[in-house]
There are 2 protein chains.
Amino acid sequence: MTSASEASMSSPRAKRVDAFRNEQKLLEAAASVFVASGVDAPVRAVAAAAGVGVGTIYRHFPTRAELVVAVYRHQVDACAEAGPRLMTSSASPEAALRAWLDLFVDFLVTKHGLAAALQDEKVGAALHRHFVDHLVPVCADLLAAAADHPPGGAGPTAYEVLRGIGNLCIGAGSDPQFDARRVVRAYVSGVLAEARRE
Amino acid sequence: MTSASEASMSSPRAKRVDAFRNEQKLLEAAASVFVASGVDAPVRAVAAAAGVGVGTIYRHFPTRAELVVAVYRHQVDACAEAGPRLMTSSASPEAALRAWLDLFVDFLVTKHGLAAALQDEKVGAALHRHFVDHLVPVCADLLAAAADHPPGGAGPTAYEVLRGIGNLCIGAGSDPQFDARRVVRAYVSGVLAEARRE
DNA sequence: CAACTATACGGAACAGTGTTCCGGATATCA
DNA sequence: TGATATCCGGAACACTGTTCCGTATAGTTG
């Protein structure tokens, strides 16, 4: 921790501006490539789109997963912040929960392959952690309110629910016979039924 | 179709017995490797376990996915055949549906990575088709009986339900906080509620 | 303004996938 | 005992993510 305070206190030399610019270019290029080819686009494709070498990517983002996290960090945070807002603006706690989960589903489904990436042990570890840390608490509040059920009971866990929904969104959007929102709606009905039974 | 009948009618030379033996060795080796390392084990690992070259695998199974299908074909068929049996032996149609789906979940969860493989567009295409063809009709019957609902209504589709459950099983077994059977139970409750609402 | 150095860059190289290919071995038949 | 259709082994290819290091440059210092 000595080194940490040293690093943040006395900066022998600030980060070079070209490095900062490149990091920005990388984030924009990655976002663009991800919408065009899915989040499992090759690292080289992102590098090419940004006009940099692959080495530059790995300097700024030690692993492919961390680039993905960086690209979607803002949207995850926005989703988390929408929770409390919906809680007060909705007609009922259940409506708030369902509206928020719709947000979550739409987010996952529109980013092709994001839900799948969340599973892949290697790629998903970093993603998973960030999603869990930011979204689970919000979901827990909404769920407790909707189920009229003190958190900590034996009903479905907020983690369980988010993870389940994440799973349900995998591959949706590339299968017309499988409508993620429909399926999630059914799942949430079951979750609420079980939670209220306690 | 002329060539097909030719091939099945006049066999200028039967399949060589060493080829047949190798196919068998391959299936056994693959099954063994899959339980040890998951269904996403490298093709080379299966080849090594069987004591053959990779070329031999690709002669018998044109693609990695078809090897996986071949390994699990029997178990899928067994699961499909268990449907009608449970239908008559269970206390209620809903009990039959739930028991059968438990079979399905256990099957997916015990084969590490099988559920995930079902998603991967490339790997999963062959798997997906086989699962769908054999399991969806059975599920449709059980579902219709449990929901007391003539097939063809606007409720959840049998395909949708199986696909949803398949998704829910992804990564279960490597995450103690996520119990696939619990989650699936909740989902099925929601499905039945929606189906009966029609 | 002119070195000088810490920092950042590019892209070749490495390791691990699935898949293809073909020269050589071999089972089967005449 | 050949003849040959069939099959086999494993090198080679295309494509991943990731690492490495010589080179270029931004920022500092004299």
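Note that the structure is a prediction, hence the values are computed from the model and not measured. No hydrogens, no waters, no symmetry mates; every other heavy atom, side chains included, goes into these values. Chain naming here is simple, since letters A, B, ... match the order of the sequence lines and numbering starts at 1 in each.
Between A:Leu26 atom CG and C:dG10 atom C1' there is a gap of 13 Å when expressed in whole angstrom units. Atom CZ in B:Phe61 sits about 16 Å away from atom C1' in C:dG18, given to the nearest Å. Whole-Å rounding puts the B:His60 NE2 to C:dT19 C1' distance at 16 Å. The CD1 atom of B:Ile57 sits 13 Å away from the P atom of C:dT17 (whole-angstrom rounding). Atom-to-atom, CD of A:Glu23 to P of C:dT7 comes out at 16 Å; the value is rounded to the nearest Å. Per the geometry, NZ belonging to A:Lys15 stands 17 Å off C1' belonging to D:dT25, to the nearest Å.
With sequence neighbours excluded, no residue forms a salt bridge (Lys or Arg N to Asp or Glu O under 4.0 Å) with B:Arg85. For A:His134, the ring-ring contact (aromatic ring centres under 6.0 Å, His included) criterion is met by A:His130, not counting sequence neighbours. Listed by chain and residue number, B:Asp18 satisfy the salt bridge (Lys or Arg N to Asp or Glu O under 4.0 Å) test with B:Arg16 (two or more places apart in sequence, or in another chain). Residues satisfying the ring-ring contact (aromatic ring centres under 6.0 Å, His included) criterion with B:His112, sequence neighbours excluded, are absent altogether.
Sorted by first then second residue, the salt bridge (Lys or Arg N to Asp or Glu O under 4.0 Å) pairs that include residues 162-176 of chain A, not counting sequence neighbours, are A:Arg163-B:Asp175, A:Asp175-B:Arg163. Screening residues 99-108 of chain A for side chain to side chain donor-acceptor pair (under 3.5 Å) gives A:Asp102-A:Arg181, A:Asp106-A:Arg181 as the qualifying pairs, with residues at least two apart or on separate chains.
DNA chain C lies under 4.0 Å from at least one heavy atom of each of the following residues of residues 33-45 of chain B: B:Ala41, B:Pro42, B:Val43, B:Arg44.
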Sub-3.5 Å pairs of nitrogen or oxygen atoms, protein against nucleotides 21-27 of chain C:
| residue | atom | partner | partner atom | Å |
| --- | --- | --- | --- | --- |
| C:dT26 | O2 | B:Arg16 | NH1 | 3.1 |

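Side-chain N/O atoms of B:Asn22 include none lying less than 4.0 angstrom from OP1 or OP2 on D:dC7. Close to C:dA8, at under 4.0 Å from its OP1 or OP2, lies no side-chain N or O of A:Thr56. Between B:Thr63 and the phosphate of C:dT19, there is a side-chain N or O to OP1/OP2 separation shorter than 4.0 Å.
Under the 4.5 angstrom side-chain criterion for Ile, Leu, Val, Met, Phe, Trp and Tyr, B:Phe20 has no cluster partners at all.
In this pair, B:Phe131 and B:Phe107 present their aromatic rings parallel. The plane angle is below 30°, not in the 30 to 60° band.
Looking at B:Ser92 and B:Arg98, their side chains never bring a donor and an acceptor atom within 3.5 Å of each other.
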